[in-house]
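Notes follow once the structure below has been shown.
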Amino acid sequence: MINSLKKITKATEVENKMIKTKRVAVMRFRRDTGQTSSNMRFDTADPEDLTGLTSSVESELKTKEPRLALETSAEDVSVILLTDTSFLPSEKIDPIPKVASDELTAQIWNDMGSGLESSDDHEITYINSIVLEVDVGEQPEDFILNLFIKPSAVAGSIDETIQRVNNSYRKFQIQYICGVYDVGTAEWVEDKCNTVYDPTVADSGVICQCNHNTSFAVLMAVKEIDPGFIESQSIMSKVLLFGSIAGLIFTVSLIIPASSVMTTRSAKVNMCFSVALLFASILFVIQDFLVKEDNSGPIKLKSVACGVYAMLQHYAWLVVFMWTMVEGFLMYLSLVQVFGSHISHYMLKFNLLAWGVPLPFANYWLLRFHEERHGSRRNTS
């Protein structure tokens, strides 16, 4: 069926005009003489209905970020857009759950958890975009094809896309991957194009860098993160933090005996900053000993003690940031204002500012934690 559509598109005499139905849209594009690359952008409000599809070839698009964009070195390009994979079937592709957009990520994790109960190697892969078929005929030696494809369903923020499933030690991530349909195996493969996107932006588009023409789509797959990678990150963080703690202790031990240095304003502020950073770093390091992922530690997950401990960490790092601001203020007085920079009872004022301002924010967070904790208890009872 796809080959028939490609033949029709290449044979048509109608160039640079989109011919579309609800599920299929085709265009034969021929670039103007003198241009070095072919550029096309497509946009539609509903990826499941192509009758409202517009292209930059026919008119200027109103949106800054299109749903699809294509750049290629080829001169004559046939483009076919499909709303689904009906013409490109695969046994390993699951349909995206038909739920509200704000419930999609939770539903994916539920499906993932159910699959893990029956199989250790369970993976879920969805087609998450309009399917794009590109044909340029005979590919030149320097052929390049760059695609920008916006996913139809948003996976969520970086925190929502990385989770542990079924309270296990295995960590999974929802990823966008540029998929290419392999006609020989009748499967969507993931290693034929380079995938580039920003995982911190939930609705970011996906860039596919390819050197061939075929059927393309954005796959949304749940992949297990390499346990060795997670472990190496944890070990590196601990080593660096212990090194930072040792350095801070060494700094404080050098400043305290130097009575002449301790009388200066900058030394006193540096001492307070070092103590605050040392306190925050120690709280962070001992976290792994107090709170365990399997809930076997002295502090139980979602308990009152857990909320208080998290609040203390939040408060400690806010204090560090406040002392950083005080350091910046002193630098401004020394380098910019110079004269008239005397402040009476400055250490009292600085300490009240650094240790007092973060208190309302930390207490508000603790209050919200207790409200959500009691709310979840009421819902389960």
Side-chain angles (χ1 to χ4, degrees), residues 2 5 18 20-27 39-56 61 63-72 77-90 92-101 104-105 107-108 123-135 145-156 160-161 173-182 187-199 201-210 212-223:
I2 290 292
L5 287 173
M18 183 67 65
K20 53 199 175 185
T21 64
K22 184 174 182 179
R23 295 181 58 193
V24 181
V26 299
M27 172 187 279
N39 297 278
M40 289 164 275
R41 293 182 297 145
F42 306 92
D43 194 45
T44 179
D46 185 1
E48 296 183 359
D49 185 357
L50 299 182
T51 55
L53 186 72
T54 56
S55 73
S56 61
L61 297 184
T63 56
K64 292 183 179 180
E65 188 175 86
R67 187 163 292 276
L68 287 169
L70 181 153
E71 179 186 30
T72 177
V77 185
S78 298
V79 179
I80 302 171
L81 305 179
L82 307 170
T83 57
D84 54 39
T85 59
S86 299
F87 301 147
L88 303 166
S90 172
K92 297 181 180 180
I93 300 297
D94 296 315
I96 291 182
K98 297 294 184 180
V99 295
S101 57
L104 176 61
T105 306
Q107 184 62 48
I108 291 174
E123 284 190 1
I124 298 179
T125 304
Y126 309 96
I127 292 290
N128 191 22
S129 72
I130 292 175
V131 178
L132 174 66
E133 173 76 26
V134 180
D135 188 1
L145 177 62
N146 294 323
L147 304 172
F148 172 86
I149 307 176
K150 201 163 187 180
S152 303
V154 177
E160 294 174 304
T161 56
Q173 181 178 16
I174 301 175
Q175 302 175 353
Y176 293 146
I177 303 168
C178 293
V180 175
Y181 191 75
D182 188 342
E187 295 292 347
W188 287 89
V189 294
E190 305 172 358
D191 57 353
K192 297 294 183 69
C193 294
N194 292 328
T195 303
V196 181
Y197 74 98
D198 185 358
V201 182
D203 59 347
S204 66
V206 179
I207 297 175
C208 302
Q209 300 172 330
C210 312
H212 59 281
N213 65 116
T214 182
S215 301
F216 304 92
V218 171
L219 307 180
M220 185 168 65
V222 182
K223 300 287 186 181

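By the 4.5 Å heavy-atom criterion applied to side chains, P89 and Y181 are counted as neighbours. Residues P151 and V206 meet the side-chain proximity criterion, which asks for heavy atoms closer than 4.5 Å. Within the 4.5 Å cutoff, the side chain of L132 has heavy atoms near those of the V79 side chain. With a 4.5 Å cut-off on side-chain heavy atoms, M27 and S55 count as touching. Side-chain contact check for F42 versus P66: every heavy-atom pair is 4.5 Å or farther apart. Annotation: side chain of V131 is in contact with side chain of W188 (closest heavy-atom distance under 4.5 Å). Taking the side chain as every heavy atom from C-beta outward, I130 and T44 approach each other to under 4.5 Å. By the 4.5 Å heavy-atom criterion applied to side chains, E190 and K223 are counted as neighbours.
Considering only residues two or more places apart in sequence or on other chains, D84 meets the salt bridge (Lys or Arg N to Asp or Glu O under 4.0 Å) condition with R23. Scored by the side chain to side chain donor-acceptor pair (under 3.5 Å) test, N194 finds no partners at all (sequence neighbours excluded). Checked against salt bridge (Lys or Arg N to Asp or Glu O under 4.0 Å), E48 has the following partners two or more places apart in sequence or in another chain: K98. Residues satisfying the salt bridge (Lys or Arg N to Asp or Glu O under 4.0 Å) criterion with K150, sequence neighbours excluded, are E65. Annotation: side chain to side chain contact (heavy atoms under 4.5 Å, CB included) contacts of T51 (sequence neighbours excluded): K22, D49. Residues that satisfy the side chain to side chain contact (heavy atoms under 4.5 Å, CB included) test with T54, not counting sequence neighbours, are D43, L61. Listed by chain and number, the residues in a side chain to side chain donor-acceptor pair (under 3.5 Å) with Q209 amount to none (sequence neighbours excluded). When the salt bridge (Lys or Arg N to Asp or Glu O under 4.0 Å) test is applied to K92, no partner is found at least two apart in sequence or on another chain. With sequence neighbours left out, the ring pair (Phe, Tyr, Trp, His ring centres under 6.0 Å) criterion links F148 to no other residue. Considering only residues two or more places apart in sequence or on other chains, T195 meets the side chain to side chain donor-acceptor pair (under 3.5 Å) condition with none of them. With sequence neighbours excluded, the residues forming a side chain to side chain contact (heavy atoms under 4.5 Å, CB included) with A25 are M18, K20, L50, L53, L81, listed by chain and number. Under the side chain to side chain donor-acceptor pair (under 3.5 Å) criterion, S78 pairs with no residue at all, not counting sequence neighbours.
Here the shortest heavy-atom pairing between V26 and V24 reads CG1-CG1, 4.2 Å. The shortest non-hydrogen separation linking S152 to S129 is OG-CA, 3.3 Å. The minimum heavy-atom distance linking Y176 with A153 is given by the pair OH-O, 3.4 Å.
Checking each of L70, L68, V218, I207 against L147 for a side-chain contact (heavy atoms from CB on, under 4.5 Å) leaves exactly one that passes, namely L70.
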Test disulfide (SG to SG under 2.5 Å) applied to C193 and C178, step by step: CA-CA 6 Å; C193 294; C178 293; over 6 Å; no

CA sep, side-chain torsions, deciding dist, call: C210, F216, side chain to side chain contact (heavy atoms under 4.5 Å, CB included): CA-CA 10 Å; C210 312; F216 304 92; 3.6 Å; yes

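Here CG of L104 is found 7.5 Å from OH of Y126. Values are rounded to the nearest 0.5 Å. To the nearest 0.5 Å, the span separating CG on L88 from CD1 on I127 amounts to 8.5 Å. Here the straight-line distance linking atom CD1 of I149 with atom CG of N128 works out to 10.5 Å at 0.5 Å rounding. Atom CG of N146 and atom CG of N39 lie 9.5 Å apart (nearest 0.5 Å).
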